Amino acid sequence: MSEQLIEMQDNAGVVRLTINRPKALNALNSEVIAGLEKALVELEARDDLRAVLITGAGEKSFVAGADIAEMKDKTPEQARAFAGQALRTIKRLETLPVPVVALVNGFCLGGGCELALACDWAVASDNAVFGQPEVLLGVIPGFGGTQRLPRRVGPAMALDLVTTGRKIDANEALRIGLVNRVMPQSELEDYVAELTKQLGGNGPQSVRGAKQAVHDGMDQDLDSALALETSLFALCFAGEEQTEGMSAFVEKRKPNF
């Protein structure tokens with residue numbers, strides 16, 4: 001069942017993961033999370049991976065949240081285990097060495113918003129709705145929302161969202177920096193095709209190095225982060241990718257990465 005709940009499409013190393021539970025608005029239950037973790041473990045082992053795009057099946061929802069029907073009778077220890085399962089899986093997504101992009105179509109609430117926050121950036125269709133409404137259910141975000149949201153939009157805006165439980169539309173999500181761009185839903189697939197072409201055509205090792213520099217550097221002081229960047233920049237010159245890329249530029253042709 002888990003394999004059916006997570007669909008995987010591979011386009012020359014740019015992998016699209018689709019959470020396939022549209023009748024439940026792609027809500028995250030234990031089975032979906034286990035299926036997603038299995039897919040991510042498989043992707044972690046791939047040397048040819050170039051990028052990961054993650055979305056939800058159907059036009060109504062990216063992920064509407066965690067499955068409330070599954071959660072409502074949990075004990076504190078069961079809730080801790082459920083959150084731990086989700087956090088471990090979402091961390092795997094966040095720490096993939098390649099760009100990870102959320103394609104948000106429709107509801108992106110609770111656990112769905114937390115899943116999107118673990119991606120490197122998010123793109124939303126104009127029908128997207130975001131929020132961390134857990135307080136309306138008598139709980140707080142448990143899949144990283146209280147920590148990743150303030151890092152993305154700032155603590156004041158994060159507290160606004162997590163303590164009121166209010167929902168915001170795609171344009172407000174863009175304004176506060178929760179998503180990178182908004183487009184009509186009819187244009188989302190065209191964007192995916194162009195993004196796949198872009199990410200698939202760049203030097204794979206340099207893309208990985210760029211992501212490492214940004215992610216690791218954010219947790220260091222500026223001087224240490226700049227030293228990290230310099231080391232990763234120099235390392236680029238030890239492989240064939242830099243030679244091909246710069247030779248192609250001089251020769252006025254497309255590089256063959």
Side-chain angles (χ1 to χ4, degrees), residues 1-43 49-71 82 85-86 89-90 92-94 96 98-133 143-145 167-170 173 178-196 199-200:
M1 176 65 76
S2 294
E3 290 81 4
Q4 297 172 356
L5 292 172
I6 305 296
E7 296 182 346
M8 185 184 299
Q9 297 172 290
D10 190 345
N11 188 335
V14 179
V15 174
R16 181 169 177 171
L17 297 176
T18 301
I19 298 172
N20 186 30
R21 200 184 176 210
K23 291 183 178 179
L25 298 178
N26 304 317
L28 301 176
N29 60 12
S30 298
E31 196 171 13
V32 172
I33 295 169
L36 181 58
E37 183 171 31
K38 181 179 178 181
L40 293 172
V41 169
E42 179 181 330
L43 294 178
L49 189 66
R50 292 188 174 227
V52 173
L53 314 178
I54 186 164
T55 192
E59 298 182 351
K60 294 182 178 179
S61 182
F62 172 71
V63 171
D67 193 316
I68 297 171
E70 183 182 63
M71 288 193 297
F82 182 55
Q85 178 196 23
T89 301
I90 289 173
R92 285 189 184 277
L93 183 70
E94 184 177 47
L96 285 173
V98 298
V100 179
V101 184
L103 307 173
V104 180
N105 46 323
F107 295 116
C108 184
L109 304 172
C113 191
E114 290 166 307
L115 184 66
L117 285 166
C119 298
D120 293 309
W121 73 87
V123 176
S125 61
D126 53 8
N127 73 328
V129 179
F130 297 84
Q132 298 284 173
F143 295 177
K167 302 175 182 64
I168 62 174
D169 63 19
L178 184 54
V179 302
N180 282 38
R181 63 184 69 185
V182 176
M183 64 193 66
Q185 189 167 31
S186 61
E187 296 178 9
L188 192 58
E189 287 305 317
D190 289 339
Y191 170 81
V192 170
E194 181 61 28
L195 183 63
T196 298
L199 293 175

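Only heavy atoms go into these numbers, but all of them, side chains included; no hydrogens, no water, no symmetry mates. Fair warning: this is a prediction, and the values are worked out from it, not measured in the lab.
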Quiz item: Going through the checks in order, is the side chain to side chain contact (heavy atoms under 4.5 Å, CB included) test met by E42 and M8?
Solution: CA-CA 11 Å; E42 179 181 330; M8 185 184 299; 3.9 Å; yes
Practice problem: Decide yes or no for L188 and S186: does some side-chain heavy atom of the first lie under 4.5 Å from some side-chain heavy atom of the second? | Solution: no
Exercise. Grab the two heavy atoms, one from A66 and one from M71, that are nearest each other, plus how far apart they are.
Key: CB-CE, 3.7 Å
Quiz prompt | Closest approach of M183 to R181 (non-hydrogen atoms, all atoms of both residues) | solution = CE-CD, 3.7 Å
Self-check item: Spatial distance of atom CD (E70) from atom CD1 (I33) [nearest 0.5 Å]
Solution: 7.5 Å
Quiz item: Atom CD of E114 and atom CD of Q132: how far apart are they, to the nearest 0.5 Å?
Solution: 4.5 Å
Quiz item: Which atoms form the tightest heavy-atom contact between L93 and C119, and what is the distance?
Solution: CD2-SG, 3.9 Å
Quiz item: Tell me, which pairs form a side-chain hydrogen bond (donor to acceptor under 3.5 Å, both in side chains) where one or both residues lie in residues 58-69, sequence neighbours left out?
Solution: R21-D67
Quiz item: Is there a side chain to side chain contact (heavy atoms under 4.5 Å, CB included) between K38 and I6 once you walk through the steps?
Solution: CA-CA 9 Å; K38 181 179 178 181; I6 305 296; over 6 Å; no
Quiz item: So which heavy atom on P99 is nearest to which on R50, and how close?
Solution: CD-O, 3.5 Å
Exercise. Identify the heavy atoms of A12 and D10 that sit nearest to each other, and give their distance.
Key: N-OD1, 3.5 Å
Quiz item: Going by heavy atoms in the side chains, are L53 and V14 under 4.5 Å from each other?
Solution: yes
Quiz item: Are the aromatic ring centres of F82 and F143 under 6.0 angstrom apart?
Solution: yes
Self-check item: Worked verdict on N127 versus S125 for side-chain hydrogen bond (donor to acceptor under 3.5 Å, both in side chains)
Solution: CA-CA 5 Å; N127 73 328; S125 61; 2.4 Å; yes
Quiz item: Does the pair V179 and V123 meet the rule for a side chain to side chain contact (heavy atoms under 4.5 Å, CB included), with working shown?
Solution: CA-CA 6 Å; V179 302; V123 176; over 6 Å; no
Exercise. Rounded to the nearest 0.5 Å, what's the gap from CG on L43 to CG on L17? Could you check?
Key: 5.5 Å
Quiz prompt | Reported CD-to-OG distance for the pair E37 and S30, which is rounded to 0.5 angstrom | solution = 11.5 Å
Quiz item: Can you tell me how far the CD1 atom of I90 sits from the CG atom of L117, to the nearest 0.5 Å?
Solution: 9.0 Å
Quiz item: Any side-chain heavy-atom pair from L28 and I19 closer than 4.5 angstrom?
Solution: yes
Self-check item: Side chain to side chain, L49 and V15, heavy atoms closer than 4.5 Å
Solution: yes
Quiz item: For the atom pair CG (N26) and OG1 (T18), what is the distance rounded to the nearest 0.5 Å?
Solution: 9.0 Å
Name every donor-acceptor pair, under 3.5 Å, that has one atom in a side chain of residues 102-111 and the other anywhere in the protein, sequence neighbours excluded.
residue	atom	partner	partner atom	Å
N105	OD1	T55	OG1	3.1
N105	ND2	G56	O	3.0
N105	ND2	G58	O	2.6

Practice problem: For V32 and N29, run side chain to side chain contact (heavy atoms under 4.5 Å, CB included): C-alpha distance rounded to whole Å, both residues' side-chain angles, the deciding distance at 0.1 Å, then the answer. | Solution: CA-CA 5 Å; V32 172; N29 60 12; 3.1 Å; yes
Quiz item: Are the side chains of I54 and L115 in touch, meaning some heavy atoms are under 4.5 Å apart?
Solution: yes
Practice problem: Using modelled atom types only, decide if a donor and an acceptor are shared between the side chain of D120 and the backbone of V100 within a distance under 3.5 Å. | Solution: yes
